[in-house]
Amino acid sequence: MSSTLAKIAEIEAEMARTQKNKATAHHLGLLKARLAKLRRELITPKGGGGGGPGEGFDVAKTGDARIGFVGFPSVGKSTLLSNLAGVYSEVAAYEFTTLTTVPGVVRYKGAKIQLLDLPGIIEGAKDGKGRGRQVIAVARTCNLILIVLDVLKPLGHKKIIENELEGFGIRLNKKPPNIGFKKKDKGGINLTATVGCAQTELDLETVKSILAEYKIHNADITLRSDATADDLIDVVEGNRVYIPCIYVLNKIDQISLEELDVIYKVPHCVPISAHHRWNFDDLLEKIWDYLKLVRIYTKPKGQLPDYTAPVVLPDSRTTVDDFCTKIHKNLIKEFKYALVWGSSVKHNPQKVGKDHVLEDEDVIQIVKK
């Protein structure tokens, strides 16, 4: 483990020494690729017996979405969690240990949202220290990450946390890079850039050297936007997760109103006071925006729709088929058609098949065979 860390430190030092210009782009690309490979070794250790039982840091995924809280010690994460969960939720007293996290569930707009405190990410977890690695595995399954910062010293912390998460292949508030990558058996490296995409960083040489580092010598690469070496590495590694993120600035009771106005203009940012419970509704509203959930209400035949318990789907998967699967895996076998009321249909009700795409707050009645 330590040798890998030493290698990482060495490469990072060399990258810091190297000037960035056309002539060195090629070399820097190579170093970045090596760095990515070493980091991956840290996250997924090679072979070896697993740790004995009792090591696990697994949290059962309950609810419709999962939010991870990340932050340095003493920025008020726990206060925020217990106040959020305490104000809005059914879960009260849990044994809080910082090793396993079951902080609680918030019910918001009918959706059950699981809140997880991700402890100890910061203390060098990406280098395999502490319980970092299991925590990261959990962090990668979150639908949204909240980075809790102290409003008095936000920027330093923000940088450190972002670097940690980036190091685990978690990309915050980013879209996957628009790069086509296809391995093949022969024919060398074939690089095409779509028209109108001037490449400021990647040329054939650099691409070849990065791919050679992964022992890929035959592939088609299509660049559909101005891509960086990091983008290419992300695509080749293929194990990156793209998660939305909100920066929560806590302790606003300690600053002036003028300062607060400035903070409000920062993107992806919500100022709060966990202790005084200020601005929680703003935070929850923003969480809801970023989670992009769709609520579907069910209507049993001959009864009024049940508006208290919506079926909640992620906005990427909202067909009637997805809805049935969420309720029960065998439901789709008995499915004949569905009646839908709401914004996704022209008539109320309208008969639809299983490929119909539902929208937020639609009402559905399933008719079985």
Side-chain angles (χ1 to χ4, degrees), residues 56-69 84-85 87-92 94 100-116 137-146 241-244 284-369:
F57 177 94
D58 278 338
V59 186
K61 198 160 186 179
T62 56
D64 302 304
R66 164 184 269 191
I67 301 179
F69 283 72
L84 263 180
V87 179
Y88 294 99
S89 108
E90 318 139 19
V91 187
Y94 263 107
T100 53
T101 69
V102 190
V105 178
V106 167
R107 274 211 161 239
Y108 188 64
K109 297 196 177 183
K112 272 194 170 140
I113 300 171
Q114 186 181 31
L115 304 177
L116 291 184
V138 174
R140 288 175 61 106
T141 64
C142 290
N143 307 90
L144 171 67
I145 288 181
L146 290 193
V241 286
Y242 296 86
I243 304 179
L284 282 162
E285 200 43 56
K286 193 151 191 132
I287 287 175
W288 184 257
D289 281 351
Y290 278 55
L291 283 175
K292 295 194 165 57
L293 297 174
V294 172
R295 291 159 295 175
I296 310 296
Y297 301 111
T298 52
K299 177 185 179 318
K301 196 173 157 89
Q303 293 171 28
L304 288 170
D306 177 4
Y307 288 115
T308 54
V311 174
V312 180
L313 303 168
D315 78 337
S316 50
R317 296 198 294 273
T318 60
T319 62
V320 175
D321 194 346
D322 296 320
F323 169 84
C324 292
T325 314
K326 170 102 188 200
I327 292 179
H328 196 279
K329 58 180 185 292
N330 294 336
L331 183 56
I332 202 71
K333 292 179 188 150
E334 308 168 359
F335 178 84
K336 189 171 172 194
Y337 63 87
L339 294 171
V340 175
W341 293 256
S343 55
S344 69
V345 290
K346 291 197 180 69
H347 318 290
N348 280 328
Q350 185 171 327
K351 230 166 116 167
V352 299
K354 67 180 192 329
D355 297 329
H356 175 75
V357 177
L358 299 162
E359 289 178 14
D360 193 25
E361 305 214 69
D362 278 1
V363 173
I364 187 171
Q365 177 183 331
I366 303 280
V367 179
K368 296 182 182 175
K369 289 177 181 146

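These values consider heavy atoms only, across backbone and side chains, with no hydrogens, waters or symmetry-generated copies.
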[X]: which residues meet the side chain to side chain donor-acceptor pair (under 3.5 Å) condition with it, sequence neighbours left out?
X      : result
Thr308 : Asp306
Gln350 : none
Thr318 : none

Which atom pair, heavy atoms only, marks the closest approach of Val312 to Lys326? O-NZ, 3.1 Å

Heavy-atom closest pair (Gly68 atom, Cys142 atom, distance to 0.1 Å) is N-SG, 3.5 Å

Could you measure the distance from the [atom1] atom of [X] to the [atom2] atom of [Y]? Nearest 0.5 Å is fine.
X      : Y      : atom1 : atom2 : answer
Ile67  : Tyr290 : CD1   : OH    : 12.5 Å
Phe323 : Asp362 : CZ    : CG    : 10.5 Å
Arg66  : Asn143 : CZ    : CG    : 8.5 Å
Ile113 : Arg107 : CD1   : CZ    : 10.0 Å
Asp289 : Leu144 : CG    : CG    : 10.5 Å
Ile366 : Ile364 : CD1   : CD1   : 4.0 Å

With sequence neighbours left out, what residues match Asp321 under salt bridge (Lys or Arg N to Asp or Glu O under 4.0 Å)?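 With sequence neighbours excluded, Asp321 shows a salt bridge (Lys or Arg N to Asp or Glu O under 4.0 Å) to no residue whatsoever.
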
Going by the rule salt bridge (Lys or Arg N to Asp or Glu O under 4.0 Å), which residues pair with Lys109 if we only count those two or more places apart in sequence or in a different chain?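 Salt bridge (Lys or Arg N to Asp or Glu O under 4.0 Å) check on Lys109 returns Glu285.
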
Let me have the donor-acceptor pairs involving side chains of residues 332-339, under 3.5 Å, with sequence neighbours excluded, atom names and distances please.
unit_1, atom_1, unit_2, atom_2, d
Lys333, NZ, Asn330, OD1, 3.3
Glu334, OE1, Lys368, NZ, 3.4

Between His356 and Val345, is any pair of side-chain heavy atoms under 4.5 Å apart?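 In contact.
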
Check whether any side-chain heavy atom of Ile287 lies under 4.5 Å from a side-chain heavy atom of Leu146, and answer yes or no.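 Contact flag for Ile287/Leu146 side chains = yes.
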
Determine, step by step, whether Asp355 and Thr319 satisfy the side chain to side chain contact (heavy atoms under 4.5 Å, CB included) criterion, reporting the C-alpha distance in whole Å, the side-chain angles of both residues, the deciding distance to 0.1 Å, and the verdict. CA-CA 6 Å; Asp355 297 329; Thr319 62; 5.6 Å; no

Within 6.0 Å of NZ in Lys299, more than 12 heavy atoms from elsewhere: yes

Under the side chain to side chain contact (heavy atoms under 4.5 Å, CB included) criterion, do Glu361 and Tyr307 qualify, and how do the steps go? CA-CA 9 Å; Glu361 305 214 69; Tyr307 288 115; 5.9 Å; no

Asp322/Leu358 under side chain to side chain contact (heavy atoms under 4.5 Å, CB included): CA gap, chis, key distance, verdict: CA-CA 10 Å; Asp322 296 320; Leu358 299 162; over 6 Å; no

